[in-house]
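The model shown is predicted, which means the values in this text are computed figures rather than measured ones. Lettering follows sequence order; numbering is per chain, from 1. Just so it is clear, the values below take in all heavy atoms, side chains as well, and ignore hydrogens, waters and symmetry mates.
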2 protein chains.
Amino acid sequence: MRLSTRGKYGLYAMHYLAQHEHEGPQSLSRIASVGIPKQYLEQLLGSLRRNGLIHSVRGANGGYQIAKPSEEITVLDILDAMEGPLALSDCIADDRCCAKATKCRVRHTWERLTVNINRELASVSLKDML
Amino acid sequence: MRLSTRGKYGLYAMHYLAQHEHEGPQSLSRIASVGIPKQYLEQLLGSLRRNGLIHSVRGANGGYQIAKPSEEITVLDILDAMEGPLALSDCIADDRCCAKATKCRVRHTWERLTVNINRELASVSLKDML
DNA sequence: CGATACCATAGTAATCTGGTCGGGTATCAG
DNA sequence: CTGATACCCGACCAGATTACTATGGTATCG
Ligand code: SF4
Ligand code: SF4
């Protein structure tokens, strides 16, 4: 089970933005300098913005900054924004996907693991990483 | 972040085999009857066998059985066999993948999360699911 | 105005997923 | 011995996803 580059790049970018939290907007080019293809990163920053994790300033001297203080942004927030929520089985979100949903022991396992893994991811904030 | 059908089917199959632990070898067809395409499942059972989680009996009346008692097989074992080990970043397994590996804070985060998520997955055994 | 820098959509090559197909080989019942 | 059963194995394939690239916009500053 691997993490895609979206998740990794997303976290690297957020880490960079957290490091420069009080230095005004950081341009795409600056963020990309940690080793991410510029135009690809541009898409990813779009996802982060639409999920309310960063906000952007257009025009000359524009760029991106984190939308909340770094202690309020967790790895879970970032991964959910970049890769969609953790879904071990479809029946977690939607009861109707499987006939035996109510009495299924496997489902109970997926449910428990999903909750615990999410809690783990939410236990690390950007601030913790600095 | 989603789990592929390999992981899901693998766990369903192992769950079935654990339920019939002392009833002799269970044929592919029987296992597949929980709702998995037969020929696809055959591949998956091959992976499980090569990873030592099940063993097989050939010939008429043959089939598959779990290779260890159900309390010694965890969800982690199964998912690792089916999807490869959890790898949030390549630098966890291989120090040399990145120049700044030794002093990187992000890496420390991936490392901690990997350990904790694996522990979570290892905390549920097949027996727990019955 | 014009340079800077974000925004949005579309295209694309390579890889991965979720299978199917065909031809083996081992074992047992009769 | 022979045939039926049932695992073994590699190749193939369509469709989705990934990781980008390309192009043309739009907002803002000086
Ligand atoms: S079999 Fe169980 S875990 Fe799988 S989809 Fe149905 S309810 Fe969910
Ligand atoms: S930047 Fe850090 S986390 Fe990423 S590959 Fe390098 S050492 Fe690992």
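Inter-residue side-chain proximity for A:L86 and A:L79 is flagged as unmet; no heavy-atom pair is nearer than 4.5 Å. The closest side-chain heavy-atom distance from A:L28 to A:L41 is below 4.5 Å. Side-chain contact between B:M1 and A:L3 is present, with heavy atoms from C-beta onward closer than 4.5 Å.
Between A:E42 and A:K38 there is no salt bridge, since no side-chain N of the basic residue sits under 4.0 Å from a carboxylate O of the acidic one.
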Once base and sugar-phosphate atoms are separated, protein heavy atoms under 4.0 Å mark nucleotides 25-30 of chain C, 5' to 3', with B, S and - as BBBS--

With a 3.5 Å cut-off and sequence neighbours excluded, list the donor-acceptor pairs that the side chains of residues 10-22 of chain B form with protein atoms.
| from | atom 1 | to | atom 2 | distance (Å) |
| --- | --- | --- | --- | --- |
| B:Y16 | OH | B:R30 | NH1 | 3.1 |
| B:H20 | ND1 | B:Y16 | O | 2.9 |

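Residues from residues 36-49 of chain A lying near DNA chain D, meaning a heavy-atom separation below 4.0 Å, are A:P37, A:Q39, A:Y40, A:Q43 in numerical order.
For the pair B:T5 and C:dG18, the criterion of a side-chain N or O lying under 4.0 Å from OP1 or OP2 is met. At least one side-chain nitrogen or oxygen of A:S56 sits closer than 4.0 Å to the OP1 or OP2 atom of C:dC7.
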Worked verdict on B:L44 versus B:M82 for side-chain contact (heavy atoms from CB on, under 4.5 Å): CA-CA 7 Å; B:L44 308 187; B:M82 301 309 297; 3.5 Å; yes

Take A:M129 and B:V106 through the side-chain contact (heavy atoms from CB on, under 4.5 Å) test and state the conclusion after the steps. CA-CA 7 Å; A:M129 299 176 58; B:V106 181; 3.9 Å; yes

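Counting 5' to 3', DNA chain D first comes under 4.0 angstrom of a heavy atom of chain B and last does so at the ends given by D:dT5 to D:dA11.
Judged as a side-chain hydrogen bond (donor to acceptor under 3.5 Å, both in side chains), the pairs with a partner in residues 46-68 of chain A (not counting sequence neighbours) are, in order, A:R6-A:S47. Every pair passing side-chain hydrogen bond (donor to acceptor under 3.5 Å, both in side chains) that includes a residue from residues 114-128 of chain B is listed here, sequence neighbours excluded: A:R112-B:S123, A:N116-B:E120, A:E120-B:N116, B:N116-B:R119, B:S125-B:D128.
Remark: side-chain polar atoms of B:T74 are paired, donor with acceptor, to backbone N or O of B:D77 under 3.5 angstrom.
Residue contacts shown for B:R30 are absent, as no nucleic acid heavy atom lies under 4.0 Å away.
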